[in-house]
There are 2 protein chains.
Amino acid sequence: MNPYYYLECKFRSMDAFMQLNLHQTHHEIADFEGIFKYLTSTFQDGSHSGLHIFPELFLTGYPLQDLPLKKTFIDDYLAFLEDLSIWSERQLKSKSPLALLFGGLRYEFDGLGWPAQIENVMYILEPGKKLRPLYTKQLLPNYDLYEEKKYFTPGNQSVVFEFQGKNFGLLICEDMWFSHLHDVDPVELLSEQNKKCDMVINISASPYHLGKIETRINRALEISQFLEAPFVYVNRVGAEDEIIFDGHSFVVDGNSVVKMAYGFKSQILSLEMPVYQEPEKGNVRSYHSSTNSWSTIFSTRLSSDTLSLTPMGPKGCQEVLDALLLGIGDYITKNGMKKFTIALSGGMDSALVLTIIKLLQKTMPIELEAVFMPGFYSSSVSFDLSYDLCRNLGVKLTTMPIKFIHSTIKTAYRDNFGAELKGLADENIQSRLRGALIYMRSNDLNSVVLNTSNKSELSVGYSTIYGDSVGALSVLGDLFKSEVFELAHFINANYGGLIPEDIITRPPSAELRENQEDSQSLPPYDRLDPILEALLSSRFSPADLIKRGHDKDEVLKVYSLLSKSEYKRKQFCPIIKVKPKSFGFGHRVPISKKIL
Amino acid sequence: MNPYYYLECKFRSMDAFMQLNLHQTHHEIADFEGIFKYLTSTFQDGSHSGLHIFPELFLTGYPLQDLPLKKTFIDDYLAFLEDLSIWSERQLKSKSPLALLFGGLRYEFDGLGWPAQIENVMYILEPGKKLRPLYTKQLLPNYDLYEEKKYFTPGNQSVVFEFQGKNFGLLICEDMWFSHLHDVDPVELLSEQNKKCDMVINISASPYHLGKIETRINRALEISQFLEAPFVYVNRVGAEDEIIFDGHSFVVDGNSVVKMAYGFKSQILSLEMPVYQEPEKGNVRSYHSSTNSWSTIFSTRLSSDTLSLTPMGPKGCQEVLDALLLGIGDYITKNGMKKFTIALSGGMDSALVLTIIKLLQKTMPIELEAVFMPGFYSSSVSFDLSYDLCRNLGVKLTTMPIKFIHSTIKTAYRDNFGAELKGLADENIQSRLRGALIYMRSNDLNSVVLNTSNKSELSVGYSTIYGDSVGALSVLGDLFKSEVFELAHFINANYGGLIPEDIITRPPSAELRENQEDSQSLPPYDRLDPILEALLSSRFSPADLIKRGHDKDEVLKVYSLLSKSEYKRKQFCPIIKVKPKSFGFGHRVPISKKIL
């Protein structure tokens with residue numbers, strides 16, 4: 001259920017309807033052939049009219065990272081643009097006025113043929129005309145996971161584009177997010193143009209995180225009121241490794257959301273939009289109230305006293321679940337896989353990952369196998385709960401004990417190194433043996449191993465590198481342990497009690513030594529997670545947290561573990577991002593450094 | 001031997017000598033306490049005079065990545081600056097004029113106390129005065145591994161600073177490398193200042209790669225001639241994870257190098273520098289001949305027909321060896337380790353890594369153990385050669401056979417999954433078992449496992465993730481296999497034939513199945529490596545290479561392997577960088593994408 005969908009639809013005095021089509025569609029990065037086929041087949045029959053708007057960098061995909069600098073990419077992309085231009089000039093037909101607006105790259109080359117300048121632009125295609133760039137993105141985001149200044153040159157002028165006698169102010173993604181990080185405000189510049197905007201169009205490739213949808217709408221309403229024009233927002237949908245583009249394209253007008261597309265799936269949203277002769281003065285908000293700054297970019301999900309984490313709530317849980325399903329689904333589709341092998345421990349994290357894949361199976365034809373690998377310290381409860389879970393889910397469970405292999409290794413260690421294998425070395429070998437064995441199985445089946453680590457573990461390095469930290473993609477790596485529990489409760493409440501309650505309530509343990517429990521090494525998760533959220537936001541120092549009433553020893557220990565475990569995260573797989581501040585692409589911290 | 005050292009020392013009509021001290025020294029990132037102690041103890045006795053010049057961001061370390069945005073870093077750094085300022089104002093003494101110039105960060109905060117602006121500046125400390133910023137870096141590098149625009153705000157004016165009646169033009173690192181990537185040229189701006197420069201000072205944190213030293217000097221000579229003033233270059237030294245700062249600080253004057261510091265180690269270079277009354281007109285070179293562009297930044301090490309790799313040569317081999325030694329040494333020192341466990345296969349890569357660590361042992365007190373882990377397909381020659389190598393090096397060799405453990409796993413697989421373990425799954429489990437076992441040993445010893453992969457393997461994904469690709473730090477990951485051989489020959493020729501010749505000459509094999517050889521899966525390295533170098537430079541497409549006479553099937557196969565193996569490199573350890581274009585921090589390519 002989409003709470004914004006048709007929230008309110010307002011009509012005022014109007015002189016015309018504009019046919020708008022918001023193409024919230026997805027193609028793989030650099031799939032020039034696929035995009036060409038999609039466009040030519042969609043528009044071939046000549047029946048379309050009006051404005052068709054596609055997301056930012058629709059022609060190439062996003063984020064491209066180094067690809068725009070590569071000769072192969074450039075050659076293929078330019079050939080594709082040329083084909084598109086020829087098609088538009090010679091073959092694209094329509095009875096009524098038609099224009100396609102989409103994001104793409106515009107290159108300028110130096111005398112030697114190397115790219116001298118690359119712009120992130122909005123192109124227009126009209127029947128009988130060549131492809132031409134309309135507008136260059138002015139604000140290039142260059143913080144956290146964004147690094148557009150590395151590749152692109154910003155534009156330096158605002159553009160109001162005329163179509164069917166109406167004026168459309170153009171923006172690309174970050175252009176609507178003026179902040180101290182930027183020199184100019186493209187929204188202000190639009191208001192200063194000679195032509196008054198009848199409508200504002202923003203094409204975006206805006207990554208999802210919890211709370212982002214509300215933030216976008218609030219800002220769009222502000223701009224709509226400020227410019228006294230409806231605001232059309234077309235966002236990318238689909239997952240790129242760790243980044244989820246959630247769609248949720250929309251049209252707002254003054255105080256209300258006129259229409260909104262689904263989240264986390266493709267949709268072409270068509271609507272007849274009134275274009276006003278006489279703009280109505282809205283209830284103008286303070287214009288710059290929700291701009292970006294370091295403090296808002298990495299906003300924390302903390303109570304005001306920092307002592308507890310803000311729950312995701314049912315709406316947040318559903319969003320996060322949808323994001324994870326899209327992230328996993330797109331990853332395997334794009335990488336040509338359709339099977340999963342999941343190592344079950346009898347604990348919460350692996351149970352939740354298996355349950356999520358099972359939910360994915362409702363929407364895609366995938367195969368699924370669970371493997372339980374008991375060792376010397378695995379309790380029988382762990383097997384029973386894994387068995388119950390798999391029975392609930394209808395998933396095949398195979399047991400592959402590691403006890404004998406572990407014994408063999410212990411003997412070999414004594415024989416060859418003349419020492420007993422004990423302590424951490426003996427704990428880690430069990431975890432690494434499981435890592436090797438689950439990959440052995442996945443090699444044989446040609447399946448994907450999904451990682452089952454959570455953000456609390458990852459933060460403090462409470463995992464074994466090449467052991468329980470293996471996997472192609474991390475499903476829960478952006479959720480703290482307490483959020484893992486919240487999501488499990490949510491799924492049980494809304495998808496029919498799939499996860500045995502005992503899995504959720506038993507004390508977390510790695511089961512690598514006798515009677516081991518997480519709480520022997522770490523503070524309880526309801527104290528650990530708020531400390532981590534505060535530190536990872538970069539906005540609090542350990543001293544700040546101690547001042548606010550957190551336990552001093554716990555804060556200092558957590559800070560030190562966080563700092564010292566960077567080397568493990570450097571070798572970790574991509575993590576599906578669902579938070580403002582995540583490990584992964586936007587997290588860059590040296591391994592070697594003083595612990596401050 | 002440093003070929004630039006005292007290359008030529010030229011004296012012209014002069015009116016004064018300026019005492020210059022180039023502090024090519026190293027401190028760990030964010031070691032504020034260490035830096036404060038170093039400065040106060042060095043200058044406490046009041047005997048110093050003249051100009052003391054330290055590298056870019058000396059006060060914080062470089063590269064800092066996200067650290068400057070973290071509250072803990074900011075709080076501690078500001079307290080340190082305050083201490084430094086108080087010390088300088090109240091305690092720093094000298095009989096003759098004295099000034100310390102060093103790089104640091106300058107913060108401005110918004111109303112809420114978050115950083116609104118961070119500048120990469122040159123600070124000055126003078127006895128009896130507070131610390132003050134002199135100059136803000138104007139050109140912020142933001143390509144490849146550089147991302148300064150993500151954190152810093154550029155300065156917008158050139159500064160000529162006066163000391164003892166002489167004028168010093170100030171530059172910070174990239175400021176000397178104007179290119180199409182930047183809008184202004186700080187060197188030109190210096191020439192347009194009211195005050196003619198008597199000397200130009202550039203403080204740098206310039207990462208090493210093959211060929212970089214020559215490039216820097218050529219550019220410095222150009223600028224010195226253009227501005228008709230000596231050019232003083234103070235570079236950082238020391239390793240930060242994958243990045244090597246090589247030092248090689250220097251002073252050039254017109255056509256000649258006056259003095260140069262050592263490479264790859266700390267040194268305080270002191271000299272009496274003549275400061276001219278009447279500048280002599282040099283043989284002015286074309287000024288912009290060696291600026292940066294996409295084509296020069298990622299210059300290839302290829303013959304002009306692209307069919308072969310340019311050999312490193314003895315000088316290049318020595319540089320690379322020095323860089324690797326510094327990289328390994330600093331990594332373990334900073335991370336508090338002093339032991340190494342190396343898995344020997346009997347092949348070239350692991351033999352070279354072990355030999356390099358042995359060379360490191362000449363300069364640092366480290367412990368070293370080699371482990372040979374023979375499996376079903378390991379030849380007896382592999383053991384013999386490993387034995388010979390360890391005898392030559394005087395390293396303890398332990399054998400830990402994996403045959404029985406491997407058998408145990410095969411049986412368990414049959415018993416539990418009802419299938420024979422064979423093919424790739426059976427090859428990979430051997431590699432992963434070795435990965436797990438070498439880490440078991442290192443857990444027990446608290447030692448570092450160094451990775452032994454080479455750049456050719458890494459490029460085409462010819463390695464097992466969590467198997468032979470494990471390790472804390474990659475020593476050879478920026479050297480193609482043919483360069484690994486060249487370096488091995490170099491070490492044998494110059495360090496007393498440490499590596500048995502048969503290790504260098506035997507056909508490379510992973511020994512994971514009967515009679516396996518690399519050449520069954522890959523083109524011969526003398527054909528593979530040039531293709532990889534060309535593709536990784538981003539300046540050639542497969543079509544370009546086929547046109548130039550490379551075998552079509554080989555090029556397309558290599559291109560596809562390179563594209564498809566990105567997921568393995570995402571989970572790889574830091575690689576010591578010795579080339580213009582390396583995997584690691586400056587290499588950013590999506591996993592999910594169309595193979596172009």
Side-chain angles (χ1 to χ4, degrees), chain A residues 28-31 65-66 69-73 75-76 112 114-116 142-143 147 149-150 180 240-241 294-295 331 334-335 398-400 404-405 408-409 412 416-417 424-425 428-429 432-433 435-436 439-440 443-444 466 470 472 538-541 567 571 573 588-594 596, chain B residues 28-31 65-66 69-73 75-76 112 114-116 142-143 147 149-150 180 240-241 294-295 331 334-335 398-400 404-405 408-409 412 416-417 424-425 428-429 432-433 435-436 439-440 443-444 466 470 472 538-541 567 571 573 588-594 596:
Chain A
E28 197 166 350
I29 280 178
D31 183 12
Q65 301 180 37
D66 290 348
L69 306 178
K70 291 196 182 291
K71 184 71 159 36
T72 324
F73 179 95
D75 288 352
D76 289 7
L112 298 167
W114 309 126
N142 209 59
Y143 49 86
E147 40 182 27
K149 287 188 183 164
K150 215 172 155 180
H180 82 272
E240 304 298 349
D241 299 345
W294 288 122
S295 47
Y331 186 87
K334 292 179 177 180
N335 290 288
T398 305
T399 299
M400 164 116 184
F404 184 61
I405 308 169
T408 309
I409 289 172
N416 294 293
F417 291 106
L424 186 66
N428 282 347
I429 189 65
R432 292 203 178 96
L433 199 45
Y439 262 81
M440 172 177 71
N443 274 162
D444 199 17
Y466 319 126
V470 301
S538 297
R539 302 275 71 89
F540 295 92
S541 69
Y567 77 99
Q571 297 193 41
C573 59
R588 294 178 190 169
V589 173
I591 294 174
S592 307
K593 60 192 176 297
K594 282 282 167 193
L596 292 169
Chain B
E28 196 166 350
I29 280 177
D31 184 12
Q65 302 179 41
D66 290 348
L69 306 179
K70 291 194 182 292
K71 182 73 160 32
T72 324
F73 179 96
D75 287 352
D76 289 8
L112 298 168
W114 309 126
N142 209 57
Y143 49 86
E147 40 182 27
K149 287 185 183 165
K150 213 171 152 177
H180 82 273
E240 303 299 348
D241 299 342
W294 289 123
S295 47
Y331 186 88
K334 291 179 178 181
N335 290 287
T398 306
T399 300
M400 164 113 183
F404 183 61
I405 307 168
T408 309
I409 290 173
N416 295 292
F417 291 106
L424 185 67
N428 282 348
I429 189 64
R432 293 205 177 96
L433 199 46
Y439 261 81
M440 170 178 73
N443 274 162
D444 199 18
Y466 319 126
V470 302
S538 297
R539 302 274 72 89
F540 295 91
S541 69
Y567 76 99
Q571 296 193 41
C573 59
R588 294 177 192 171
V589 173
I591 293 174
S592 307
K593 63 192 174 296
K594 282 283 165 188
L596 293 170

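Heavy-atom basis, side chains included; hydrogens, waters and symmetry copies ignored. Numbered from 1 within each chain, the chains take letters A, B, ... in sequence-line order.
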Looking at [options], which makes the most heavy-atom pairs under 4.5 Å with chain B?
options: Q571(A), M440(A), E28(A); value: Q571(A)
options: C573(A), P590(A), A425(A); value: P590(A)
options: A436(A), G435(A), S541(A); value: S541(A)

Structural part of [X] lying under 4.5 Å from a heavy atom of chain B:
X: I429(A); answer: side chain
X: T398(A); answer: side chain
X: F540(A); answer: backbone
X: D75(A); answer: side chain

Could you have a look at K334(B), K71(B), E240(B) and say which one has the most heavy-atom pairs with chain A under 4.5 angstrom?
K71(B)
Relative to each other, are the rings of Y466(A) and Y466(B) parallel, tilted or perpendicular (30° and 60° limits)?
tilted
Which heavy atom in [X] sits nearest to a heavy atom in [Y], and how many Å separate them?
X: N416(A); Y: T399(B); result: OD1-O, 2.9 Å
X: V589(A); Y: D66(B); result: CG2-CB, 4.4 Å
X: K70(A); Y: S538(B); result: NZ-OG, 3.2 Å
X: A412(B); Y: M400(A); result: CB-CE, 3.7 Å

Checking D241(B) side chain against I591(A) main chain: does a donor-acceptor pair fall under 3.5 Å?
yes
Are the side chain of R539(A) and the backbone of L69(B) linked by a donor-acceptor contact shorter than 3.5 Å?
yes
Side chains of N335(A) and S592(B) in contact at under 4.5 Å (non-hydrogen atoms)
yes
Criterion salt bridge (charged side-chain N to carboxylate O under 4.0 Å, His left out) against E147(A), the qualifying member of R588(B), K150(B), K149(B)
R588(B)
Determine whether R432(A) and N443(B) satisfy the following criterion, side chain to side chain contact (heavy atoms under 4.5 Å, CB included), listing intermediate values before the conclusion.
CA-CA 12 Å; R432(A) 292 203 178 96; N443(B) 274 162; 3.2 Å; yes
To the nearest 0.5 Å, atom CD1 of I409(A) lies from atom CG of L433(B) at 5.5 Å
